[in-house]
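Okay, structure first, notes after.
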Amino acid sequence: MTTASYDYDLFVIGAGSGGTRASRVAAAHGAKVAVAEEYRVGGTCVIRGCVPKKLLVYGAHFAEDLKDARRFGWDVPDTLGFDWVRLRDNVMEEVSRINGAYTATLNNNGVDIILDRAEVTGPHSVRLGDGREVTAKYILIAVGATPVVPECPGHELGITSNEVFHLDAVPKRILIAGAGYIANEFAGIFNEFGAKVTLINRSDVILRGYDESIRDRLLQISMMKGLDFRFNAAFRGIEKQADGSLLVSMTNHEPIEVDCVLFATGRTPNTAGLGLAAAGVDLDEKGAIVVDADNKSSCDSIYAVGDVTNRVQLTPVAIREGQAFADTLFGGKPHRVDYENIPSAVFSHPPMAGVGLTEAQAKNKFGSVKVYTSDFRPMKNVLAGRNERALYKMVCHAESGVVLGLHMIGPDAPEILQAAAVAVKAGLTKDAFDQTVALHPSMAEELVLLR
């Protein structure tokens with residue numbers, strides 16, 4: 001299949017979720033494929049994102065579970081030891097295992113893995129870090145995004161989600177900048193590990209884009225757990241003090257002394273220094289590659305998938321984009337990604353999950369809607385004596401009853417929502433939920449008992 005004038009049919013830059021899927025599928029369709037990765041195969045999600053984060057979330061949950069266990073008859077000592085280094089190293093060991101599995105998958109499909117940086121030098125050419133030039137009929141950019149670090153004096157004293165998995169110890173006091181999912185997830189993790197957590201945010205809204213009722217409930221529960229929120233706060237500067245601590249000054253609030261500053265202030269497409277201008281690839285004002293519905297850039301031979309396009313920054317979306325790209329270009333099975341009703345979750349304490357339109361979005365689009373809620377205390381929390389309530393919310397079209405959105409916060413919310421998202425995607429109505437017999441006793445049964 002290889003065009004004789006090129007080294008490869010497809011050269012992929014970036015071996016994350018999207019790039020790996022595209023490489024594997026294109027190769028399975030018979031293309032000659034190479035993928036360049038300057039860090040580790042697996043990308044942000046596997047190496048320093050959702051996978052190690054979720055493992056830390058599991059570890060953090062034991063702090064509450066062990067306390068709750070006493071009410072369930074277990075003798076748990078008052079003083080419990082926690083070894084961060086053991087957890088950290090075990091998580092990194094699992095990351096390495098998955099990295100090996102991704103690498104093996106590519107190798108088994110005949111993909112050439114080049115562990116080096118690659119930069120675009122033209123519509124059909126890239127230059128590797130060792131200076132070698134490689135040509136390809138098509139180039140796919142799948143380099144993802146990188147953490148944003150605010151410009152302020154002393155910003156180099158902070159860390160990002162890239163470094164947080166490698167800390168030598170749990171900081172006694174940590175300041176987390178931001179109010180998105182990364183900020184709230186690590187706030188919950190470090191709070192459970194015993195750190196004093198302070199979140200600061202430029203606005204007074206957390207988790208913008210999620211349903212207001214659900215994010216308000218998380219804020220309420222987080223404050224009950226001892227997290228300190230400082231809103232309308234922008235960095236003025238960070239100073240290192242004689243004892244090694246950091247003094248952080250900000251607008252509208254008093255300075256605070258902490259041991260670690262974690263920037264979770266968003267992610268920006270990782271296009272800097274990629275040489276895309278050499279091939280006439282257009283970027284938007286945020287540095288994202290502009291693509292059409294088939295993932296093609298302004299250069300006919302260069303495509304892009306995943307976070308570098310800044311469409312929907314979620315791993316499963318990048319995977320679907322990579323699949324659609326490879327099937328369309330190399331498999332004779334053209335199809336496009338459907339971006340409607342994509343479920344997402346925040347692995348906070350407790351976790352949130354949602355799919356479809358929020359109540360505000362639905363009202364803006366349809367005028368009037370019907371909203372059904374269940375505000376309840378999960379059975380486990382009742383016996384544990386934990387005064388923490390779950391909230392489920394269903395947003396429906398006022399006339400047809402079609403479920404427009406489903407949003408929840410509570411134990412196992414992401415696990416429950418994944419199945420329920422199928423119903424929302426299928427366009428089912430509230431009546432379809434009502435006709436389904438409850439599975440009792442479960443938290444998920446609240447979805448078919450909403451009134």
Mutual orientation of the aromatic rings belonging to Trp84 and Phe190 [parallel < 30°, tilted 30-60°, perpendicular > 60°]: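 Rings of Trp84 and Phe190: tilted, 30 to 60°.
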Using every non-hydrogen atom in the two residues, find where [X] and [Y] come nearest and quote the distance to one decimal.
X: Val46; Y: Ile98; value: CG1-CG2, 3.5 Å
X: Arg389; Y: Ile221; value: O-CD1, 3.8 Å
X: Gly209; Y: Arg215; value: N-NH1, 3.8 Å
X: Arg311; Y: Val305; value: NH2-CA, 3.9 Å
X: Pro350; Y: Ile409; value: CG-CG1, 3.9 Å
X: Met443; Y: Asp412; value: CE-OD2, 3.9 Å

Audit row: Ser213, Glu359, side-chain hydrogen bond (donor to acceptor under 3.5 Å, both in side chains) steps and yes/no: CA-CA 9 Å; Ser213 305; Glu359 181 180 351; 4.6 Å; no
Exercise: do Ser96 and Arg40 side chains pair donor with acceptor under 3.5 Å: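 Their side chains do contain a donor-acceptor pair, which is all the 3.5 Å distance test asks for.
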Distance-only donor-acceptor check, side chains Asp327 and His29, under 3.5 Å: yes
Residues, nucleotides or ligands: over 12 heavy atoms within 6.0 Å of [X] [atom1]:
X: Arg88; atom1: CZ; value: yes
X: Glu212; atom1: CD; value: no
X: Arg230; atom1: CZ; value: yes

Roughly how far apart are [X] [atom1] and [Y] [atom2], rounded to 0.5 Å?
X: Leu128; Y: Leu115; atom1: CG; atom2: CG; answer: 11.0 Å
X: Ile13; Y: Ile114; atom1: CD1; atom2: CD1; answer: 10.0 Å
X: Ile256; Y: Ile200; atom1: CD1; atom2: CD1; answer: 8.5 Å
X: Ile113; Y: Glu37; atom1: CD1; atom2: CD; answer: 10.0 Å

Beyond-backbone contact of Val281 with Val120, side-chain heavy atoms, under 4.5 angstrom: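 With C-beta onward as the side chain, the pair stays apart.
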Ring centre gap for His397 and Phe366 strictly below 6.0 Å: yes
Aromatic contact, Tyr138 with Phe325 (centres under 6.0 Å):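 No - the distance between ring centres of Tyr138 and Phe325 does not fall below the 6.0 Å cut-off.
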